[in-house]
Student: 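Pasting a structure below so you can have a look.
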Amino acid sequence: LHALGNSLKVGIVTALLSTLLGLLAAKAVTQYRLRGAGAMLGFVSLPLFIPDIVLGISLLLLLGAIGFPLSLGAVVLGHMLVCVPFALTVLIARFEGFDRNLEEASADLGEDPWMTFWRVTFPLMLPGIVASLLLTFITSFDEFLLAYFLSGTQATLPVYIWGHLCFPEP
């Protein structure tokens, strides 16, 4: 149960942070048409193409070199590397189908940008946000190799199950 709790904590925090970063990046990429956006998206998506074992060992060495302790926080950082590209993909697709005239109409009617976001943008983005949260949570909850290398003594459920499969108790 402790490992399940750790997996739920890691999954929820990873999903929330990945979706938040994905939401901000997707809005910037789709609304402002930044130069170099394609290169940035390619760089963000790079962890999806690197084998998980290479990514896990690299993060283990990097975090050890900078003195970051192996813990659930390290697992969250590792899982975010894998989950942010998924969140970004889902949210960019949602922003591309978004009618900008609605935000302009809100501004024309005197609403400030913050309230325009909460009254217009957020409700229209909600299906994409929910999809991103679910996708990133499931991806994080299922991720084994990064958790194996980065969890230290705080095992997540996949690491705990693997440990009992490899080393069964008598």
Side-chain angles (χ1 to χ4, degrees), residues 1-30 37 39-95 114 117-118 121-123 125-170:
L1 289 176
H2 186 67
L4 175 62
N6 287 342
S7 286
L8 290 173
K9 287 178 204 171
V10 167
I12 290 168
V13 170
T14 300
L16 290 172
L17 292 176
S18 297
T19 300
L20 180 64
L21 286 175
L23 185 64
L24 295 173
K27 184 157 179 70
V29 167
T30 57
M40 188 267 308
L41 290 175
F43 183 73
V44 169
S45 299
L46 198 57
L48 296 178
F49 303 107
I50 298 172
D52 282 347
I53 193 158
V54 173
L55 196 58
I57 292 171
S58 300
L59 283 171
L60 177 65
L61 294 173
L62 176 69
L63 293 177
I66 64 172
F68 197 90
L70 297 180
S71 63
L72 294 180
V75 175
V76 168
L77 289 176
H79 285 188
M80 282 180 59
L81 273 177
V82 175
C83 291
V84 167
F86 288 119
L88 197 53
T89 303
V90 169
L91 293 167
I92 284 176
R94 186 68 183 161
F95 267 117
W114 181 247
F117 174 78
W118 282 111
T121 307
F122 184 75
M125 289 298 299
L126 193 57
I129 292 170
V130 170
S132 173
L133 286 169
L134 290 173
L135 181 62
T136 54
F137 175 80
I138 290 168
T139 302
S140 175
F141 192 83
D142 184 50
E143 182 62 46
F144 166 72
L145 277 171
L146 291 175
Y148 179 73
F149 284 109
L150 302 176
S151 63
T153 59
Q154 300 174 316
T156 61
L157 189 61
V159 173
Y160 179 81
I161 291 171
W162 179 81
H164 279 280
L165 289 174
C166 290
F167 309 106
E169 295 179 13

Student: Report yes if some heavy atom in the side chain of Leu72 is under 4.5 Å from a heavy atom in the side chain of Thr156; otherwise report no.
Tutor: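 A side-chain contact exists here, since the closest heavy-atom pair is under 4.5 Å.
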Student: Which residues pass the ring pair (Phe, Tyr, Trp, His ring centres under 6.0 Å) test with Tyr148, not counting sequence neighbours?
Tutor: Phe144, Trp162
Student: Check this for me: Ile66, atom CD1, are more than 12 non-hydrogen atoms of other residues, nucleotides or ligands nearer than 6.0 Å?
Tutor: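 Above 12, so yes.
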Student: Can you pull the side-chain hydrogen bond (donor to acceptor under 3.5 Å, both in side chains) pairs that have at least one residue in residues 7-19, sequence neighbours excluded?
Tutor: Thr19-Ser132
Student: Looking only at non-hydrogen atoms, find the nearest pair between Val29 and Ala37 and report the distance.
Tutor: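 So the minimum-distance heavy-atom pair works out to CG1-CB, 4.3 Å.
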Student: Looking only at heavy atoms, which two atoms of Leu63 and Ala74 are closest? And how far apart?
Tutor: CD1-CB, 3.7 Å
Student: So Val84 and Leu17, side-chain contact (heavy atoms from CB on, under 4.5 Å) or not? Walk me through it.
Tutor: CA-CA 8 Å; Val84 167; Leu17 292 176; over 6 Å; no
Student: CD1 of Ile129 to CG of Leu23: how many Å apart, nearest 0.5 Å?
Tutor: 5.0 Å
Student: Which residues satisfy the ring pair (Phe, Tyr, Trp, His ring centres under 6.0 Å) test with Trp114, sequence neighbours excluded?
Tutor: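 Result, ring pair (Phe, Tyr, Trp, His ring centres under 6.0 Å) vs Trp114: Trp118.
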Student: Nearest 0.5 Å, what's the CE-OG1 distance between Met80 and Thr136?
Tutor: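 With rounding to 0.5 Å, CE (Met80) is 10.0 Å from OG1 (Thr136).
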Student: When rounded to the nearest 0.5 angstrom, what distance separates CG in Leu146 from CD1 in Ile53?
Tutor: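 The CD1 atom of Ile53 is 10.5 Å from CG of Leu146, to the nearest 0.5 Å.
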Student: Treating Thr139 as the side-chain partner and Leu135 as the backbone partner, does any N or O pair qualify as donor plus acceptor under 3.5 Å?
Tutor: yes
Student: Show every side-chain hydrogen bond (donor to acceptor under 3.5 Å, both in side chains) that has at least one partner inside residues 51-71, sequence neighbours left out.
Tutor: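 Sorted pair list comes back empty.
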Student: Where do Phe86 and Leu48 land on the side-chain contact (heavy atoms from CB on, under 4.5 Å) test, with the steps shown first?
Tutor: CA-CA 9 Å; Phe86 288 119; Leu48 296 178; 3.7 Å; yes
Student: Scan residues 49-83 for pairs that pass ring pair (Phe, Tyr, Trp, His ring centres under 6.0 Å), counting only residues two or more places apart or in two chains.
Tutor: none
Student: Are any of the side-chain heavy atoms of Val90 and Arg94 separated by less than 4.5 Å?
Tutor: no
Student: Over all heavy atoms of both residues, which pair between Ser151 and Ala147 is shortest? Give the atoms and the distance, please.
Tutor: OG-O, 2.8 Å
Student: Let's go through Leu70 and Leu60 carefully: what are the C-alpha distance in whole Å and the side-chain angles of both, what is the deciding distance for side-chain contact (heavy atoms from CB on, under 4.5 Å) to 0.1 Å, and is it a yes or a no?
Tutor: CA-CA 8 Å; Leu70 297 180; Leu60 177 65; 3.6 Å; yes
Student: Would you give the length of the straight line joining atom CG of Leu126 to atom OG1 of Thr121, rounded to the nearest 0.5 angstrom?
Tutor: 12.0 Å
Student: If the condition is ring pair (Phe, Tyr, Trp, His ring centres under 6.0 Å), which residues does Phe141 pass it with, not counting sequence neighbours?
Tutor: Phe137
Student: So, for Gly22 and Leu88, which heavy atoms are closest and what is the spacing to 0.1 Å?
Tutor: O-CD1, 3.5 Å
Student: Is there a side-chain contact (heavy atoms from CB on, under 4.5 Å) between Leu133 and Leu16? Walk through the geometry before answering.
Tutor: CA-CA 7 Å; Leu133 286 169; Leu16 290 172; 3.9 Å; yes
Student: Give the minimum heavy-atom separation between Gly78 and Leu150, together with the two atoms involved.
Tutor: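 Residues Gly78 and Leu150, closest heavy atoms: CA-CD1, 4.0 Å.
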Student: Find out whether Val130 and Leu134 are in side-chain contact, i.e. whether some heavy atom of one side chain is under 4.5 Å from a heavy atom of the other.
Tutor: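 Result yes, sub-4.5 Å side-chain heavy-atom pair found.
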Student: Given side chains that start at C-beta, do those of Asn6 and Val159 come closer than 4.5 Å, heavy atoms only?
Tutor: no
